[in-house]
There are 2 protein chains.
Amino acid sequence: MREKTHLPKMIASQIVMDIVNNKLVPGSKVIEEKYANTFGTSRGPIREALYMLETEGLIERIPKRGAFVKKYNKQDLCDLFEVRIALEIMSIRRLKYPLPENKINEIDRIIEAMYTANQEEYSILNNDFHYKILCLSENEIFKNFYSRLGAPLIALQKFVLETPENIQHSLQEHQLLWKAIKERKLNIAKAVLEDHMESGKKRFLMGIEKKTG
Amino acid sequence: MREKTHLPKMIASQIVMDIVNNKLVPGSKVIEEKYANTFGTSRGPIREALYMLETEGLIERIPKRGAFVKKYNKQDLCDLFEVRIALEIMSIRRLKYPLPENKINEIDRIIEAMYTANQEEYSILNNDFHYKILCLSENEIFKNFYSRLGAPLIALQKFVLETPENIQHSLQEHQLLWKAIKERKLNIAKAVLEDHMESGKKRFLMGIEKKTG
DNA sequence: TCGAACCAAATTGTTAACAATTTTTCACAA
DNA sequence: TTGTGAAAAATTGTTAACAATTTGGTTCGA
């Protein structure tokens, strides 16, 4: 597993950090030269990073105008939620049983960790869980699309209201879902996911209300 | 409506042409300098074009190795079909009635043109139709994802077996779907789309069998 | 014959300068 | 005050040269 340093990739993840930490606010322009200076590189690698982030849906590039941090409204985020769940449902239909032992263990461990996680940790575990579920299908198309959905949702995760009650509820849903998948009760899994989508949207909207008005 | 020449965009569409016309076969490498020479530009714009096509799912870039024409197998194409239909179903649920008059007319005209289209024309009209249906929802998220699905499917459209009988069948499905949408019978529309997905897949696979052995 | 080490060629990555375009600023007139 | 237009500044687009890396082939030794 070689993970050679790829300059544009490093720059991209730094820009993501800046978005998550509100140093770059949605709608604002990302000026190539500014970033080039802070990284001590030329503008080339910055441009590449911006292209990558455009693919992930975090940046919007307008020819000859510049690159902007993409702005998502409530409706957009709910739609992303919905597409994510739809992809998960489709991928569950493609599962081949028996599921590989090592992947089962990985997901078991995520659920375990969720019990004792704090808010921030829970967000990360939550995303991990859904991604691992999707990867169970070993389907490149779904994985590919899923990764593009994830980025905006992760960047805006800070808006999700993770109260102890919400986390408790969410955890229960995850347990149910995982149990249904393991026992090959796919219709139940589908129903749980559809419920999870609704409650997820609700938590999302609650969080947005709280923090922006 | 200003459509200024954007070099990378032009190059990208030329590369798409080359893929469609089999000058670039799936799996082969796209060498930057080669294309730079044929266009009389430097490598910069070529790289941008390759990034664009990566976003559209036609090219896969591997750092320090190069850009390759992405290879899709049967299963991949069926999955893309399925995701496309799922997006259409989701977007139909978001329609706001009454539908705008001008868009209704546009789609009416596509259906009309389908009656007298030859095979090649029909493929294009078919894609147009589905895209216009999706655009009815005026939902940027769906449009965005849809455009990424379309490219690989269009590039491989040549595999779809468009016999007169198949076209006839497909046309009927489109009429049914459009009628259901206009009359706001969304459950029917959904059912028709699900059927259309199955028969579309079948035509696809028939075409692949025929042309590749 | 096979594999490892090495060299040369091909290719991608990066840079810095220049060109083209957009945005900002500001003077001026209605 | 407000709007217009032209310079100036800022920014993106493009280029060509150079650096770093990968690829392909060749030699050598076992």
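Each chain gets a letter, A, B and so on, in the order the sequences are listed, and its residues count up from 1.
Spacing between atom CG of B/N37 and atom P of C/dT12 amounts to 12 Å, rounded to whole angstrom units. Atom pair A/E33:CD and C/dT21:P shows a separation of 19 Å (rounding to whole Å applied). Following rounding to the nearest Å, A/L50 (CG) and D/dT11 (P) show an atom-to-atom distance of 14 Å. In this structure, A/I46 atom CD1 and D/dT11 atom P are separated by 14 Å, rounded to whole Å. Taking atom NZ of residue B/K29 and atom P of nucleotide D/dG24, one finds them 8 Å apart after rounding to whole Å. Here the P atom of nucleotide C/dT22 and the CD1 atom of A/I31 are 17 Å apart, to the nearest Å. Atom OH in A/Y35 sits roughly 17 Å away from atom C1' in D/dT12 (whole-Å rounding). Rounded to an integer number of Å, the gap from B/R65 CZ to D/dT21 P is 14 Å.
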Grab the N/O contacts between the protein and nucleotides 14-20 of chain C below 3.5 Å, and write none if there aren't any.
| unit_1 | atom_1 | unit_2 | atom_2 | d |
| --- | --- | --- | --- | --- |
| C/dT15 | OP2 | A/S42 | N | 3.0 |
| C/dT15 | OP2 | A/S42 | OG | 3.0 |

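Atom CG in A/L87 sits 14.0 Å away from atom CD1 in A/I133 (nearest 0.5 Å). With rounding to the nearest 0.5 Å, the separation of CD1 in B/I111 from CG in B/D128 is 11.5 Å. Distance CG/B/D76 to CD1/A/I141: 4.0 Å, rounded to 0.5 Å.
Here A/Y72 pairs with nothing under the ring-ring contact (aromatic ring centres under 6.0 Å, His included) rule; sequence neighbours left out.
A/E140 has no carboxylate O lying under 4.0 Å from a charged side-chain N of B/K70, or vice versa, which leaves the two without a salt bridge.
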Scan the side chains in residues 96-105 of chain B for donor-acceptor partners under 3.5 Å anywhere in the protein, sequence neighbours excluded, and list what turns up.
| unit_1 | atom_1 | unit_2 | atom_2 | d |
| --- | --- | --- | --- | --- |
| B/Y97 | OH | B/I181 | O | 2.6 |
| B/K103 | NZ | B/E138 | OE2 | 3.0 |

